[in-house]
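Read through the structure below, which is laid out as structure tokens, and then see the notes.
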Amino acid sequence: MDNNEKKQLSLDLKPEVAKGSYSNLAIISHSPSEFIIDFATMLPGLQKPEISNRIVMNPEHAKRLLNALADNINKYESQFGAITFKEQQPKGTFNLGDFMNSNGAKS
């Protein structure tokens, strides 16, 4: 295969997935063998953030996602300008265990 040829990836996008879901909070935790990203939504009037999607991936794929996001953010900012934060963002990451009670249920 010529180095200039790009590999084609065929994807199947089911209608229920194609509509997507909104998230304004990501809670990231990890173990030695996997990263877990819980996507949640915090809205006024809701007592607690509601987790809508959980993605589990191995560390190599998590780092590939990090690199792909960085690349896409750079492309976005080149086209539309710098992304700025409107309010103070929490520093660091959250551990899902911080949001669970001793029975493993959401507190």
Side-chain angles (χ1 to χ4, degrees):
M1 175 175 6
D2 186 281
N3 286 341
N4 293 329
E5 291 182 40
K6 291 188 178 186
K7 294 181 182 178
Q8 294 295 319
L9 181 63
S10 177
L11 299 173
D12 182 27
L13 183 59
K14 296 178 181 171
E16 63 271 15
V17 175
K19 67 180 180 175
S21 60
Y22 178 77
S23 173
N24 60 5
L25 173 66
I27 302 164
I28 303 169
S29 54
H30 65 276
S31 71
S33 59
E34 58 204 11
F35 277 76
I36 299 103
I37 308 170
D38 287 318
F39 292 95
T41 305
M42 288 181 54
L43 295 174
L46 294 180
Q47 289 183 324
K48 301 177 194 175
E50 183 177 311
I51 296 173
S52 57
N53 293 288
R54 172 175 277 186
I55 304 297
V56 181
M57 59 181 62
N58 68 40
E60 179 184 347
H61 285 108
K63 192 157 189 178
R64 288 179 188 272
L65 175 62
L66 172 70
N67 291 337
L69 281 170
D71 181 53
N72 276 271
I73 288 170
N74 287 332
K75 289 175 183 175
Y76 176 94
E77 290 183 327
S78 292
Q79 184 174 359
F80 300 108
I83 300 169
T84 58
F85 296 108
K86 294 181 179 147
E87 53 189 66
Q88 182 66 30
Q89 300 294 312
K91 294 184 179 179
T93 60
F94 297 97
N95 185 326
L96 185 59
D98 296 341
F99 295 95
M100 303 291 211
N101 63 25
S102 61
N103 297 328
K106 286 193 262 185
S107 56

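Being a predicted model, the structure only gives us computed values, none of them experimental.
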_Suppose the criterion is ring pair (Phe, Tyr, Trp, His ring centres under 6.0 Å): which pairs have a residue in residues 12-45, not counting sequence neighbours?_
His30-Phe35
*Is Leu46 isolated, or which residues cluster with it under the ILVMFWY side-chain rule of less than 4.5 Å, directly or via members?*
Leu43
_If hydrophobic residues (ILVMFWY) are linked whenever their side-chain heavy atoms come closer than 4.5 Å, directly or via other members, who joins Leu9 in its cluster?_
Leu11
Tell me, please, which residues at least two apart from [X] pass side chain to side chain contact (heavy atoms under 4.5 Å, CB included).
X	result
Ile83	Ile73, Tyr76, Glu77
Leu13	Val17, Ala18
Ser78	none

*asked:* A side-chain contact here means heavy atoms from C-beta on lying under 4.5 Å apart; do Ile37 and Leu65 qualify?
replied: yes
*salt bridge (charged side-chain N to carboxylate O under 4.0 Å, His left out) partners of residues 16-35, not counting sequence neighbours, each pair once*: none
*Mind checking salt bridge (Lys or Arg N to Asp or Glu O under 4.0 Å) for Asp12 and listing every partner two or more places apart, or none if nothing turns up?*
none
_Can you list everything that forms a salt bridge (Lys or Arg N to Asp or Glu O under 4.0 Å) with Lys14? Sequence neighbours excluded, please._
none
*asked:* Please list all pairs meeting side-chain hydrogen bond (donor to acceptor under 3.5 Å, both in side chains) that have one or both residues in residues 58-68, counting only residues at least two apart or in different chains.
replied: Asn58-His61, Glu60-Arg64
*asked:* If the condition is side chain to side chain donor-acceptor pair (under 3.5 Å), which residues does Ser21 pass it with, not counting sequence neighbours?
replied: Asn53
*Could you pull out all residues at least two apart from Lys75 that satisfy side chain to side chain donor-acceptor pair (under 3.5 Å)?*
Asp71
*Can you see which heavy atom on Pro49 is nearest to which on Ala40, and at what distance?*
CB-CB, 4.1 Å
*Any chance you could measure Ile36, atom CD1, to Ile55, atom CD1, to the nearest 0.5 Å?*
11.5 Å
*Examine distances only and state if a side-chain atom of Ser23 and a backbone atom of Thr41 form a donor-acceptor pair shorter than 3.5 Å.*
no
